[in-house]
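Some notes on the structure that comes next.
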Amino acid sequence: MIGLRQDTSIGGALRLGGIALSGAVTGVLPLTFPPDGGPTGFDRTLADPIHSALDSRPGIAQALMIPSNAYILLPLLLLAAAWFGYQGQWWRAAIMVLVPELAVGLNAWLWKPLWDRHLHDYLAYPSGHTVHLVAIATAFIVLIDSVRARVIALVIAMVALLVVAVGMVRLDYHLPTDIIGGAAAAIAMVLALCWAAQLLIDLGSARSGRRHASPAEQHSTQ
């Protein structure tokens, strides 16, 4: 996709739909929060069975959180970027590194203060751990060409997110709506940022092509 193949109208429509739907979920969820930012009825419905099953097993909840930790996610991010670099796909390697981290920064400095949902002594919505995990997975899925690799990455990411979500809810790090909003925000940001990157690369390629065209070729395009 990035800088290597022509975008299609169907692909563009799907990407726009993904951005719109994910952005809508991220923006609409806060409308369901009570005035104090506390748990919604939906939060309680999802959280109660988790607490019933795991309140006496805090060690399990800690283990479930492991896939969301930076010492797991950052090596995976660099490994994915290294794979693209090994294939000679340098733009994809750069985007693989930059886009997820930019999404994390935007979440911390823009979206969390905007929605201002407090849990304990920090801003909880959208969940930063969730944004990081889902942003890395989404970027890889967008950038990789292999359909098989996309499906495998999607399945692994969904399982990891479910596991991490259970751990975060049990440990009271986040409410379920924080996690849902984090996943939606990550998808919207990564799709939009990758699209913007592709437009910039295409623009740069077009300008480079014009600079290297012969005078006759330049004249024929006028």
State the [atom1]-[atom2] distance between [X] and [Y], to the nearest 0.5 angstrom.
{"X": "Leu29", "Y": "Leu175", "atom1": "CG", "atom2": "CG", "result": "11.5 Å"}
{"X": "Ile179", "Y": "Ser68", "atom1": "CD1", "atom2": "OG", "result": "9.5 Å"}
{"X": "Asn69", "Y": "His132", "atom1": "CG", "atom2": "NE2", "result": "11.0 Å"}
{"X": "Leu46", "Y": "Thr40", "atom1": "CG", "atom2": "OG1", "result": "8.0 Å"}

Indicate yes or no: at least one non-hydrogen side-chain atom of [X] is less than 4.5 angstrom from one of [Y].
{"X": "Val142", "Y": "Arg15", "value": "no"}
{"X": "Met168", "Y": "Thr130", "value": "yes"}
{"X": "Tyr122", "Y": "Leu119", "value": "yes"}

Closest heavy-atom contact between [X] and [Y]?
{"X": "Pro30", "Y": "Gly27", "answer": "CD-O, 3.3 Å"}
{"X": "Pro100", "Y": "Ile95", "answer": "CD-O, 3.7 Å"}
{"X": "Ala81", "Y": "Val97", "answer": "CB-CG2, 3.5 Å"}
{"X": "Leu133", "Y": "Leu73", "answer": "N-CD1, 3.8 Å"}
{"X": "Ala80", "Y": "Phe140", "answer": "CB-CD1, 3.8 Å"}
{"X": "Met96", "Y": "Leu77", "answer": "O-CD1, 2.8 Å"}

Any donor-acceptor pair under 3.5 Å from [X] side chain to [Y] backbone:
{"X": "Asp116", "Y": "Pro113", "value": "no"}
{"X": "His174", "Y": "Ala124", "value": "yes"}
{"X": "Ser22", "Y": "Ile19", "value": "no"}
{"X": "Asp36", "Y": "Gly38", "value": "yes"}
{"X": "Thr26", "Y": "Ala185", "value": "yes"}
{"X": "Lys112", "Y": "Leu123", "value": "yes"}

Decide side-chain hydrogen bond (donor to acceptor under 3.5 Å, both in side chains) for Asp172 and His120; before the verdict, give the C-alpha distance in whole Å, the side-chain angles of both, and the deciding distance to 0.1 Å. CA-CA 9 Å; Asp172 202 26; His120 309 307; 3.0 Å; yes
Residues Phe33, Thr177; criterion side-chain contact (heavy atoms from CB on, under 4.5 Å); working and verdict: CA-CA 9 Å; Phe33 300 164; Thr177 45; 3.7 Å; yes
Which of parallel (below 30°), tilted (30 to 60°) and perpendicular (above 60°) describes Tyr125 and Trp115? perpendicular
Just do the salt bridge (Lys or Arg N to Asp or Glu O under 4.0 Å) check on Arg92 and Asp145 with the steps written out, would you? CA-CA 11 Å; Arg92 297 189 190 198; Asp145 285 331; 3.2 Å; yes
Between Ile66 and Ile156, is there shared hydrophobic-cluster membership here, with clusters defined by ILVMFWY side-chain heavy atoms closer than 4.5 Å? no
Tell me whether Arg117 is salt-bridged to Asp43, with the criterion being a basic N under 4.0 Å from an acidic carboxylate O. yes
Can you name the one residue among Ile187, Leu154, Leu143 that meets side chain to side chain contact (heavy atoms under 4.5 Å, CB included) with Thr138? Ile187
